[in-house]
Amino acid sequence: MRMEDKVVAITGASSGIGEATARVLAARGAKVVIGARRTERLAALASELEGKGGRVAFRALDVTRREDVRAFVDFAGERFGRLDVLVSNAGLMPLSPIAQLKVDEWERMVDVNLKGVLFGIAAALPGFQRQGSGQFVHVTSVADRVVVPTAAVYSGTKFAVRAISEGLRQEVGRSIRVTLVAPGATESELALSISDPELRRLAIEQYRQDLLPAEAIARAIAFAIDQPADVDVNELVVRPTAQGY
Ligand code: NDP
């Protein structure tokens, strides 16, 4: 199936990697369905891409709400007749030392980074099984394999998504593709979710200096989607060349 025939739904497409992925895929001819909570950003992106000839639909989406995720997936079918790829990208990274006990932020990360992906699987898998094809692209992080102080819970959610993706691949992989894309430090609004001002400053000024453009991750996602149906790119780890960890 050519890229122009594919319908790709992207969660968390109002900024950063999700937005860049919508741009790259729309430019390559895919029909793109974008979701996030900030609908004014989605509307602006959709109208910009449509102005360039892209085929784009958007819908408000909160991935912590199971019914919302189901409605988002159904919406792709209503607008474009089918869904071929679900890019579960929505995420947040409020880093903090565990001893600060920021339990609300832990819960939020579990809800968005982990349960949001599970709700995506639950929403899209039956349709993929019915049509005998489909692809899950899960955007994790290098933190799905590397743990550093302040990132324990964030890493925990990403390790979990990596484990679930591998299990999913083993169970449904004969006809359905499962791809993990694990970015290193990438330009986006992600560090703004760090609530501790000093930690946020450190993250932005020290650890987030050599950044990939979000488009680099979008190109990796497009590469995995654009392979023939019998080729499943299982994992892509993409770091800035200068990133050590
Ligand atoms: P951004 O903060 O720029 O984007 C995060 C996106 O997630 C936004 O579109 C936001 O939209 C969306 N989002 C957050 N909460 C929800 C929710 N409850 N429901 C729906 N959408 C939601 O950061 P990135 O682009 O960097 O993040 C994208 C993914 O990349 C994340 O999973 C992140 O963990 C991962 N990643 C990023 C790295 C980086 O250095 N940037 C490195 C490694 C991984 P809205 O607020 O409008 O709902």
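Residues: numbered from 1 along the sequence shown.
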[X] side chain to [Y] backbone, donor-acceptor under 3.5 Å:
X	Y	value
Thr11	Asn89	yes
Arg177	Val231	yes
Arg239	Tyr245	yes
Arg55	Glu4	yes
Thr186	Gly184	yes
Ser14	Leu42	no
Asp62	Arg37	no

[Y] and [X], any side-chain heavy atoms less than 4.5 Å apart:
X	Y	value
Leu25	Lys6	no
Arg108	Lys102	no
Thr150	Pro97	yes
Phe159	Val147	yes
Arg28	Arg2	no
Pro197	Arg200	yes
Asp68	Val63	no
Val142	Val237	yes

Least distance between heavy atoms, [X] atom then [Y] atom:
X	Y	result
Ile98	Ala152	CD1-CB, 3.6 Å
Ala122	Pro126	O-CD, 3.3 Å
Leu49	Ala26	CD1-CB, 4.1 Å
Ala224	Gln135	O-NE2, 3.5 Å
Phe80	Lys31	CD2-CD, 3.6 Å
Ala76	Val7	CB-CG1, 4.3 Å

Does the pair Glu198/Arg201 count as a salt bridge with the N-to-O cut at 4.0 Å? yes
Under a 4.0 Å threshold between the charged nitrogen and the carboxylate oxygen, would Arg145 count as salt-bridged to Glu235? yes
Do other residues, nucleotides or ligands put more than 12 heavy atoms under 6.0 Å from the CD atom of Glu107? no
Counting only heavy atoms not in Arg65, do more than 12 sit closer than 6.0 Å to its CZ atom? no
Mind checking the [atom1]-[atom2] spacing from [X] to [Y]? Nearest 0.5 Å is all I need.
X	Y	atom1	atom2	value
His138	Leu118	NE2	CG	8.5 Å
Lys158	Asn113	NZ	CG	4.5 Å
Asp104	Asp111	CG	CG	10.5 Å
Phe58	Leu45	CZ	CG	10.0 Å
Glu19	Arg41	CD	CZ	7.5 Å
Met93	Leu190	CE	CG	4.0 Å

Determine, step by step, whether Thr64 and Lys115 satisfy the side chain to side chain contact (heavy atoms under 4.5 Å, CB included) criterion, reporting the C-alpha distance in whole Å, the side-chain angles of both residues, the deciding distance to 0.1 Å, and the verdict. CA-CA 7 Å; Thr64 67; Lys115 285 168 68 180; over 6 Å; no
Under the side chain to side chain contact (heavy atoms under 4.5 Å, CB included) criterion, do Asp84 and Val8 qualify, and how do the steps go? CA-CA 6 Å; Asp84 298 293; Val8 183; 5.8 Å; no
Is there a continuous path of hydrophobic side-chain contacts, each under 4.5 Å between heavy atoms, that joins [X] to [Y]?
X	Y	value
Ile217	Val32	yes
Leu92	Val110	yes
Leu125	Val161	yes
Leu180	Val85	no
Ile121	Val87	no

Apply side chain to side chain contact (heavy atoms under 4.5 Å, CB included) to residues Ile164 and Leu114 and explain how you reach the verdict. CA-CA 10 Å; Ile164 290 161; Leu114 173 51; 3.6 Å; yes
Donor-acceptor contacts under 3.5 Å from residues 167-176 side chains, at least two apart:
unit_1: Arg169; atom_1: NE; unit_2: Glu166; atom_2: OE1; d: 3.0
unit_1: Arg169; atom_1: NH2; unit_2: Glu166; atom_2: OE2; d: 3.0
unit_1: Gln170; atom_1: NE2; unit_2: Glu166; atom_2: OE2; d: 2.7

As a quick check of understanding, evaluate side-chain hydrogen bond (donor to acceptor under 3.5 Å, both in side chains) for Ser15 and Arg38, giving each step before the final call. CA-CA 9 Å; Ser15 63; Arg38 290 172 294 175; 3.2 Å; yes
Non-neighbouring partners of Phe128 that pass ring pair (Phe, Tyr, Trp, His ring centres under 6.0 Å), sequence neighbours left out: Phe136
